[in-house]
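These notes are about the structure you will find just below.
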Amino acid sequence: MQPTSSMKEEFLKKWQMGLQIYRPLIDNTSVSERRKAIKLSADVAMASLRKGTTCWSRALIQKTATEDNFLVRQMLSGIKAETLINKKLPKVMCHRKIVRRSKMILRRRQSRSAIEEVAAKARKLVKKKTQGLRNVVPGGEFMSNDVLLIQETLDYIVSLQTQVNVMRSIVDAAEAGSERTAYYLGKLKFAIEDG
Amino acid sequence: MDLTGEFRARSDGGERCREATGLESLHLGDELRQLPPDNVGGFTALLELPPTQAVNLLRFTDSPSSSSQAAAVTGIAPPPLHSYGTLTFPSNSLLMERAARFSTEHQQNGNVSGTSSVPSNSSVKTEPAETDSSQAVNNRSGKRKDSDKKAKSSTKKKKKNKSSEENENLPYVHVRARRGQATDSHSLAERARREKINARMKLLQELVPGCDKIQGTALVLDEIINHVQSLQRQVEMLSMRLASVNPRVDFNLDTILASENGSLMDGSFNGTAMQVAWPHQVTETEQSYHHRQLQQPQQWPFDGLNQRAWGKEEDQDHGQ
């Protein structure tokens, strides 16, 4: 499933809404502040497209809420903001160490064969990769089973794609505009200097 | 019938009856294969036969205790043919004949003709076996592929094969697991879960470019992780680029886009913002991009024409 134009439009509207919240704050003149503002509003816009149905969207909103609570509250409708800004239980992390230790103990007692070792190594590799995926996807640590993880990844990738597409188009337009202004300003200056 | 003539009630009643039945029970044990150890005598074992057959047997083997027990078990009144004084226990041969007949009948039913608890249990057990077999039929088509894959199994899985085959050797268990398949519900649930995961991995492979040709879960996951990371980095780069563009553009962008989204279909917006040159171009290119991305492509050449026209105008303006 590729990003649809309706998704792009919705994202754009929400992103603008977020950016307008920043507009009265004229003191974010430094580049880094502006970048942060842009990125946060874009993230919240992307997450709010899903309206709290997916795990990654909730986790992303929580993450941005830690950086700018006000923005999140303004961007989302009031009801959701209260429910979404809650603490979650990172229960999966605790269990994994215990499980790993017990598995190591068990492994010493087992006898192995060649085929078994290969299969076990493959399984270990896959588990490492899924752990890596959990680190990348927001809220991955809270997804208890692999099925959920893969579903969330699918949705997350599609949403990221829309975000990137819309942002790229705007950036290209803005840069083209600025280039054009730079070009024309340069031409003007040249003309003035010449003439 | 001949048999009725032979029956004579015993004066002793119960105990002798049981002794005789004890003797007969040994013979019965030969004929009927299984005899549970916990039964007191073969007679009670006889009683645990299916009630109709027990009644048939007992009608001809009438003794007071037997008749009373039969009545208690089956709820059928013993035939009033015999008086208590004249009833005797039938001979061994008769009982053996009966036992043989019952054993053959049991075999026809497809069950082991066990006396004791097997008949009653078998009727109970056929029900779950049948449901499992139906499940097995449903799963068999899915499991066929897995069983082929599992033919190249490790030793651990071969042990599971053996245990599953042993389960199949029991007489009243229908075939529900193929070679390489464990029979418990845990593995069935695992199998369903694995199929779900595989289906979703396929969707992911289609989404991420370049994942179709990769084989193996680990490499596909690697690609997915790389793709997600690259998308995230792109978002950061784009936000940096946007921030580094003139700040005023940012806010003009907002207003322009806000107003523009209100009038997305209007081509007349192109004509209105003529006054100031510079935000104008932003408007203008904005619109062109938006029309390209979000709307019908029909307006794009129109915008392109306008763009060129304005560009020329401004060129002339600035040039002079």
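Each chain gets a letter, A, B and so on, in the order its sequence line appears, and its residues count up from 1. Values below: every heavy atom of this structure, side chains too, minus hydrogens, waters and symmetry copies. Fair warning: this is a prediction, and the values are worked out from it, not measured in the lab.
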What is the distance from atom OG1 of A/Thr153 to atom CZ of B/Arg200, rounded to the nearest 0.5 Å? 11.5 Å
Heavy-atom nearest pair, A/Leu133 first then B/Ile225, reads N-CD1, 3.5 Å
Can you give the donor-acceptor pairs under 3.5 Å from side chains of residues 121-129 of chain A to other protein atoms, not counting sequence neighbours?
from, atom 1, to, atom 2, distance (Å)
A/Lys129, NZ, B/Asp222, OD1, 3.4
A/Lys129, NZ, B/Asp222, OD2, 3.3

May I ask you to test the A/Ile157-B/Leu204 pair for a side-chain heavy-atom distance under 4.5 Å? yes
Is the shortest side-chain heavy-atom distance between B/Met240 and A/Ile38 below 4.5 Å? no
Under 4.5 Å to a heavy atom of chain B? For A/Thr130 that would be both
B/Met201 versus chain A, the contacting section by heavy-atom distance below 4.5 Å: both
Work out which heavy atom in B/Val235 is nearest to a heavy atom in A/Val164; give both atom names and the distance. CG2-CG2, 3.6 Å
Answer whether the closest heavy-atom distance between the side chains of A/Arg168 and B/Gln234 falls below 4.5 Å. yes
Indicate yes or no: at least one non-hydrogen side-chain atom of A/Ile150 is less than 4.5 angstrom from one of B/Ile224. no
Taking every non-hydrogen atom, the tightest pair across A/Val147 and B/Ile197: CG2-CG1, 3.5 Å
Can you name the residues of residues 208-217 of chain B that have some heavy atom under 4.5 Å away from a heavy atom in chain A? B/Val208, B/Thr217
Step-by-step salt bridge (Lys or Arg N to Asp or Glu O under 4.0 Å) determination, B/Arg241 to A/Asp172: CA-CA 9 Å; B/Arg241 278 166 67 184; A/Asp172 285 346; 3.4 Å; yes
Where is the tightest heavy-atom contact between B/Ser239 and A/Arg35, given as atom of each residue plus distance? OG-CG, 3.6 Å
Smallest separation among heavy atoms of B/Gln229 and A/Val136, with atom names: NE2-CG2, 3.9 Å
